[in-house]
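In the text below, chain A, chain B and the rest are named by the order of the sequence lines, each starting its count at 1.
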Amino acid sequence: MVTSAHRIGLDAVSRAAYEANRLAAVVLPGEATNAFRDALERESKPMAQYVLGQILENADLAVAENRPMCGDTGLPRFYVKVGNEAAIEGGFVGFERECRRAVADITQDLQMRANRVHPLTRQNPGNNVGVFAPSIDYSFEPDADWVELTAVHKGGLFGSDYRMLFPADGIDGIKRFLLDTLSSSARRGLSCPPVVVGVGLGGTKDQAVRFSKEAACLRVIGDSHPDPDVAKLEDELMELANRTGFGVMGVGGDTTALDVNVEIAYTHTGGIPVAVSQFCLAYRRATARIHADGAIEYREDPRWFTPYYRREGIE
Amino acid sequence: MTAPLSDGAIASLHAGDIVYLSGPIFTARDGVYRHMLVEGNEPPLDLAALTNVTIQSSPAGAEVSPGEYRISSLQATAGFRYARYMPALLERFGVKMVIGKAGMSEEVYRDVFMPNGAVCLSTMGYGLGAIYGKSVKRVIDVHWPEELGISEALWLIEMDRFGPLLVEGDIHGDSYFSRANEEINDGLAELYEGLSSPVFRRLGEEERPEIELF
């Protein structure tokens with residue numbers, strides 16, 4: 001067992017939260033750049049080829065000029081993985097205060113769009129901080145004394161949906177739901193393909209929605225679920241999504257999805273809850289690991305779905 | 001092209017063209033449409049005298065020092081949902097070019113845009129925010145930030161080679177997205193064939209995927 005005499009300082013949390021948000025807003029992860037390059041190489045439609053080329057140019061310009069890669073800078077949020085032996089100076093109340101402050105600061109410094117408003121009055125605090133904003137979700141990891149935070153700036157309002165199926169609906173029901181969801185969002189700019197599709201399968205309704213979001217945002221493009229049955233479904237859904245032909249911007253093209261990730265949770269014997277989330281082509285996330293001694297490492301792979309996180313038995 | 005646009009310049013655009021635009025434009029979406037067109041608040045300046053181009057956008061921007069605004073990144077939002085505001089916007093404010101995202105229905109072009117000699121363009125990508133943001137030469141002014149919040153305010157901005165922009169609905173009523181959707185629809189039904197029907201059909205869950213705008 002790892003034990004630590006150190007407490008992670010809030011100054012390190014502050015720096016990590018700020019920089020992870022800057023990286024998320026500005027830098028397209030390498031896996032996404034590669035996926036766009038591959039899509040451009042495969043593409044047969046001239047308009048889609050042109051747009052994919054522009055997307056790659058935009059990604060370069062964003063980094064060169066430290067500009068947000070998209071004008072809709074999304075809703076900043078945090079996924080936090082806490083080592084079981086980690087301790088934070090000021091505790092998690094202090095940690096969350098630094099996360100909220102980092103969002104306010106980066107919103108001003110990068111001139112990010114102030115997206116968060118009161119849902120009824122539409123009052124805008126101007127800094128993307130408000131009631132339950134930014135959202136902060138937690139998971140845990142054994143034998144570790146670090147804390148990791150992943151900043152995610154997922155854009156858009158539409159393209160995410162939920163449906164309760166019966167077991168007899170099976171794979172066909174899941175495919176039908178995916179087609180319905182893609183069709184209702186890809187045509188007129190409600191989603192921004194090529195997307196990374198997350199499918200949450202099973203659990204309860206709220207778990208299905210949550211895991212669909214995590215599958216869209218926190219897996220690595222091109223990876224597979226360790227369960228071979230789930231991995232096979234991922235491949236089938238990926239093929240189906242791209243056979244729709246919506247393509248980039250929905251103007252027609254060969255790549256509608258850069259990847260389809262499925263996460264499962266054990267569910268009620270009577271049903272299959274299924275949810276779909278789509279991460280837009282501004283694929284914005286970045287991870288920072290804060291070590292017990294205050295050192296910070298930044299990386300692109302969130303490493304969110306660890307074997308422990310997906311554990312099946314009691315241990 | 002340079003704003004304000006002449007009738008001749010508007011007429012020269014055809015669905016599927018890609019253009020770059022310079023000159024002044026103003027932002028308007030949910031907040032401005034409601035405040036200006038529904039509640040009838042007069043804009044604090046003569047918009048029509050300045051430009052006839054608007055963008056359905058809330059910029060990524062901030063007040064960097066008192067009274068000084070900067071935009072870092074820019075992108076339009078899905079425009080079909082604003083169709084109801086188009087008659088007032090075009091007729092009362094002389095707008096000839098609406099830059100949105102992914103266009104509106106052919107019906108709106110025929111009934112509202114064509115009689116007013118106006119066209120609809122789409123930002124591209126969607127997510128060329130850095131490229132578009134760089135083309136903002138300066139923020140001339142921001143109106144109604146207190147009333148509408150910084151993101152929904154009316155931003156008056158001067159552009160320098162703002163593009164690429166896709167001509168979506170032209171003055172002849174031709175729509176690029178409608179054409180693209182017809183092609184996509186040809187293949188879509190086939191994907192549903194062979195999938196077993198749902199065990200339980202519920203209100204609101206059955207859609208006809210060939211319908212483009214509901």
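Interface remark: of the candidates A:Thr73, A:Leu190, A:Val248, A:Leu190 forms the most heavy-atom pairs closer than 4.5 Å to chain B. Ranked by heavy-atom pairs under 4.5 Å with chain A, the list B:Glu183, B:Lys101, B:Lys134 is led by B:Lys134. Of the listed residues A:Ala114, A:Ala62, A:Ala282, the one with more heavy-atom pairs under 4.5 angstrom with chain B than any other is A:Ala114. Per-residue counts of heavy-atom pairs under 4.5 Å with chain B were compared for A:Glu57, A:Lys45, A:Glu65; the largest is that of A:Glu65. Between chain A and the options B:Ser57, B:Gly79, B:Ser58, B:Gly31, heavy-atom pairs under 4.5 Å are most frequent for B:Ser58. Ranked by non-hydrogen atom pairs under 4.5 Å with chain A, the options B:Ile71, B:Leu166, B:Ile131, B:Leu74 are led by B:Ile131. For chain B, the option among A:Gln108, A:Lys175, A:Gln123, A:Arg122 with the highest count of heavy-atom pairs below 4.5 Å is A:Gln108. Put simply, of A:Leu61, A:Val51, A:Asn124, the one with the most heavy-atom pairs under 4.5 Å next to chain B is A:Leu61. Put simply, of B:Ser197, B:Ala62, B:Ala180, B:Gly194, the one with the most heavy-atom pairs under 4.5 Å next to chain A is B:Ala62. Ranked by non-hydrogen atom pairs under 4.5 Å with chain B, the options A:Gly245, A:Gly126, A:Ala186, A:Pro68 are led by A:Pro68. In terms of non-hydrogen atom pairs under 4.5 Å with chain A, the most contact-rich of B:Ala78, B:Ala60, B:Ser196 is B:Ala60. Top candidate by heavy-atom pairs under 4.5 Å with chain A, chosen from B:Gly187, B:Ser122, B:Pro164, is B:Pro164.
Contact annotation for A:Leu110: only backbone heavy atoms (N, CA, C, O) come within less than 4.5 Å of a heavy atom of chain B. For chain B, the nearby part of A:Leu281 is the side chain; its heavy atoms alone come within less than 4.5 Å. For B:Tyr176, the part lying near chain A is the side chain, with the backbone staying farther off; criterion is any non-hydrogen pair under 4.5 Å. At a 4.5 Å heavy-atom cutoff, the contact between A:Met69 and chain B is made by backbone atoms alone. Within the 4.5 angstrom heavy-atom criterion, only side-chain atoms of A:Tyr50, from C-beta onward, approach chain B. Contact of A:Ser191 with chain B is made through the backbone alone, with heavy-atom distances under 4.5 Å.
Residues of residues 123-130 of chain B lying under 4.5 angstrom from chain A, judged on non-hydrogen atoms, are B:Thr123, B:Met124, B:Gly125, B:Tyr126, B:Gly127, B:Leu128, B:Gly129, B:Ala130 in numerical order. Against chain A, the residues from residues 15-28 of chain B that qualify, each with a non-hydrogen atom under 4.5 angstrom away, are B:Gly16, B:Ile18, B:Tyr20 in number order. Heavy-atom neighbours of chain A within the stretch residues 140-153 of chain B, taken at a separation under 4.5 angstrom, comprise B:Gly149, B:Ile150, B:Ser151.
Of the N and O atoms on the side chains of A:Asp180 and B:Tyr192, at least one donor lies less than 3.5 Å from an acceptor on the other residue.
Taking all atoms of both residues into account, the shortest heavy-atom contact from A:Gly250 to B:Ile184 is O-CD1, 3.7 Å.
Looking at heavy atoms from C-beta onward, A:Arg188 lies out of side-chain contact with B:Arg81 at the 4.5 angstrom threshold.
In this structure, B:His172 places its NE2 atom where more than 12 heavy-atom neighbours from other residues, nucleotides or ligands lie under 6.0 Å away. Summarising the local packing, CD of B:Glu39 is surrounded by more than 12 heavy atoms from other residues, nucleotides or ligands at distances under 6.0 Å.
With rounding to the nearest 0.5 angstrom, the CZ atom of A:Arg187 is 10.5 Å from the OG atom of B:Ser178.
For the pair A:Arg176 (side chain) and B:Leu195 (backbone), a donor-acceptor distance under 3.5 Å is present. A donor-acceptor contact shorter than 3.5 Å links the side chain of B:Ser73 to the backbone of A:Cys70. Between the B:Ser72 side chain and the A:Gln111 main chain, a donor and an acceptor come within less than 3.5 Å of each other.
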Subject >> side chain to side chain contact (heavy atoms under 4.5 Å, CB included) evaluation trace for B:Leu191 with A:Thr244 >> reply: CA-CA 7 Å; B:Leu191 299 184; A:Thr244 59; 3.8 Å; yes
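With sequence neighbours left out, the salt bridge (charged side-chain N to carboxylate O under 4.0 Å, His left out) criterion links A:Arg42 to no other residue.
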